[in-house]
Amino acid sequence: MASSSSDLLVTRLEDLRRRATLVLFGQALCVSGGVSVLIAEGLVVSGAVHNVLAAVGVAASATLLTAATATMALRPGLRDIAASIDARLDLQDRLVTALQFNTAADPFSQLVVRDAYSRVTAVRASDAVPFALPRGIRPAAAAAAVLAVMILVTTEVPRWSPAGWTGTGGPGITAGAAGATARATSAVNQQVNSAGSSIAADNATEPSSARQQPAADQTGATTQSAQARSLREMASPSNGGADQLERGSTTRGDGTNTNTAANTLNDAGVAGGAASTSYEQRGGGVANAARSARSTGTTAPPPDDSTYRAAYRSGRAAAESAVAQDRVPADLRSYVRDYFIAIRPTGDK
Amino acid sequence: MSSPSVEAVETQAGTFRACFDHLRTEIGRVFVGQSALVEQLLVCFFCQGHALLEGAPGLGKTLLIRTLADAVSLRFARVQCTPDLMPADVTGTNILAEAPGGLREFAFQHGPIFANVVLADEINRATPRTQSAFLEAMQERSVTVFGLSHSIDEPFSVFATQNPIEMEGTYPLPEAQLDRFFFKLAVQAPTLDELAEIMARTTGAAPPPVTAHFGADVVRSMAALIREVKIADDTTRLVLRVIRATHPDASEAPEAIRKYVRYGVSPRGAQAIILAAKTLALLAGRYHASVDDVRRVAVPALNHRLILNFHGEMEHAAPVTLVEQVLDSVLHR
């Protein structure tokens, strides 16, 4: 009986040690994951790393490697786990003592082992080895989590849409521009995309003569030019502006500023979309809508660009705020200013 | 095969708790309050140690020891220590006696030290020479007279009392003798309720006498049982770290020890702590001593073993406080 109690006690402690090892791995994951996220975010924000996905991958790998190494190094022994449970459940050193005397045959040792076994089987494993960060680490973990959230909410996060990746990261999109700059432009992009689609459809239904460019409509080879024209006043400024920013374009517009943007897009479209694939996808979507509207032959009312104007003002205010708060690097501020001048609606100050 | 032994040990442990509770109850019928003091005294008694009780006159020190002896059916002797008390008055001496047949020969007349429970009342009033007569008996459990050694029957415990406020004409116990006491216990003044109870008991009808339910054999078996209790190596090492930390030259010694202590605790202090912790474990129904047991007995086991330096004496550093600081520094590390 005594020997069975001794074996059962060791078996139970082995079970608890396995659980403690898992808990330790989880704790190590939390700690190293937090540190890795902070480092990765710092590298992305500072511009040292341009690809967010790559940074996330490296951070995850480092987290796993660190957690596994720490778990192997700090894996508790049977005596350690016995002492830990003794202290946690106030078992009056029962387990440590029983572990020491579990091979002895004298009656006192057997009683000690039996007593310890009865105690340790009466407690749940989750009570004996709960999952919780060590007390010393909790404040640091909380601070790291808050810091990570703060960085996340103040940094452009890559988002997936059917049109592709947007934001400071993602495939084919560089993160070299500062997050605040991208945020200011993307705010306009998102609002103008919706407005631009409907306006493009309206414009496309008008006779091509109204825009003094009949040749483009008659030439089947210039479908992309037609698409670009339909975007000229609306979609192209918003989407093309971001590309202009990346290319360092200083295009300045006046009353015909949209033509400048449209020309840029025309060039991009004829060239096969080398400048911006995502732009072409979005532009194509709008052009398709324009073609669809044209084929119906319906007469649309005069274009209402109030939505675009509202979106422009909102985006411009956001950009001005970002510039005023020094959240835009100094060498990029002129791009922001030029961009909004370039896409300024006609008659708007 | 081992089941009967296990059951026998469980029975012995139950008997131990019953004996302990019986003594506590019997003493409580005579001695009012101070349950912690009574428990510590009984722990010392079952460990076969000696205790030094310190307290003001009239607090019942002598009554406590007397009641203990009555409740265990053991030989009891009281020695009232005075400056003219001679060592032979404690140990006994050879006297010339007439044997059957007319021959005369020296025969050893046993002194009061040969009792099972010895009360050395106001021991600090005896001269150092007489005090030293207790030394061999307390440590070796034997007495040597005229070159002949006489062993003392077990159980054997010396309970000495001393009055800390009347130092005129006293001889403070030397460090070597203090170290032989298992515990030093402070007898506190009774509370108001305890005083009322004392008045009720001592000014009314005489209480029924204390009854003894067991004798020397049971006490000896209990003392042997205590030594069988297990203690983990970690706990033992923790006790030793406590002992080490009482030495001012030790790296783990707290600042107060470095400042106020001249000499730390001897290994006897660790022996006392471990034995007393084992006793508390048995009382709690356990078969092993724990760190909590160690903490509970450390102060009475160590407070008289610290030898203060000049600064400690001048600033009246309290040994109890120093021991508690050592415990805090070691047990919470």
Side-chain angles (χ1 to χ4, degrees), chain A residues 1-10 12-14 16-17 20 74-123 128 134-136, chain B residues 1-17 221-242 273-298 327 330-333:
Chain A
M1 181 190 73
S3 107
S4 69
S5 283
S6 173
D7 295 341
L8 290 172
L9 174 70
V10 173
R12 175 69 171 162
L13 286 177
E14 286 283 3
L16 292 173
R17 182 172 69 160
L74 302 175
R75 187 177 178 223
L78 273 188
R79 196 215 140 278
D80 299 326
I81 199 69
S84 166
I85 297 172
D86 273 340
R88 179 180 303 283
L89 301 179
D90 195 19
L91 292 182
Q92 299 286 321
D93 306 329
R94 277 182 168 85
L95 299 185
V96 168
T97 310
L99 203 58
Q100 179 180 336
F101 294 102
N102 71 331
T103 56
D106 64 289
F108 263 90
S109 297
Q110 294 176 22
L111 285 167
V112 167
V113 171
R114 197 174 71 182
D115 180 35
Y117 177 67
S118 68
R119 292 299 184 111
V120 79
T121 50
V123 299
R135 286 186 179 176
Chain B
M1 182 185 73
S2 59
S3 293
S5 297
V6 169
E7 290 170 0
V9 168
E10 286 183 305
T11 304
Q12 281 184 301
T15 305
F16 174 82
R17 286 191 288 275
S221 65
M222 297 297 104
L225 186 71
I226 289 170
R227 291 175 178 269
E228 294 295 321
V229 173
K230 302 298 179 187
I231 183 168
D233 287 344
D234 288 353
T235 312
T236 302
R237 294 194 71 83
L238 191 134
V239 172
L240 300 181
R241 280 172 49 207
V242 169
I273 288 178
I274 290 175
L275 273 178
K278 287 182 172 183
T279 309
L280 289 186
L282 268 185
L283 279 178
R286 284 183 274 110
Y287 301 94
H288 70 281
S290 70
V291 175
D292 280 356
D293 298 327
V294 168
R295 175 175 268 282
R296 284 178 58 190
V297 300
L327 291 174
V330 173
L331 299 184
H332 291 165
R333 187 170 293 169

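Protein chains get the first letters and strands the later ones, always in sequence-line order, with residue 1 at the start of each.
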Practice task
Kindly compute the distance separating CD1 (B:I231) from CZ (A:F101), expressed to the nearest 0.5 Å.
Solution key: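 The CD1 atom of B:I231 sits 8.5 Å away from the CZ atom of A:F101.
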Practice task
Report the distance from atom NE2 of B:H288 to atom OG of A:S109, rounding to the nearest 0.5 Å.
Solution key: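 Spacing of NE2 (B:H288) from OG (A:S109) equals 12.0 Å.
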Need one label for [X]: side chain, backbone, both or neither, based on atoms under 4.5 Å from any heavy atom in chain B.
X      : answer
A:R94  : both
A:D86  : neither
A:Q100 : side chain

Handout entry: Sole residue of A:D106, A:D93, A:T97 in side-chain hydrogen bond (donor to acceptor under 3.5 Å, both in side chains) with B:K230
Key = A:D106
Handout entry: Stepwise side chain to side chain contact (heavy atoms under 4.5 Å, CB included) check, A:Q110 with B:V9
Key = CA-CA 10 Å; A:Q110 294 176 22; B:V9 168; over 6 Å; no
Practice task
For each of B:D233, B:V229, B:V291, tally heavy-atom pairs with chain A at distances under 4.5 Å, and name the one with the top tally.
Solution key: B:D233
Practice task
Using the side chain to side chain contact (heavy atoms under 4.5 Å, CB included) rule, take B:L225 and A:F108 through it: C-alpha gap first, then chi angles, then the decisive distance, then the call.
Solution key: CA-CA 10 Å; B:L225 186 71; A:F108 263 90; 3.7 Å; yes
Problem - B:R286 atom CZ, over 12 foreign heavy atoms within 6.0 Å - result: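 Enclosed: over 12 neighbouring heavy atoms sit under 6.0 Å from CZ of B:R286.
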Problem - B:R227 CZ: over 12 foreign heavy atoms closer than 6.0 Å - result: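 No - once you tally the heavy atoms of other residues, nucleotides and ligands closer than 6.0 Å, there are 12 at most.
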Problem - Contact leader toward chain B among A:D115, A:L111, A:V112, where contacts are heavy-atom pairs under 4.5 Å - result: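 With the most close heavy-atom pairs to chain B, the winner is A:L111.
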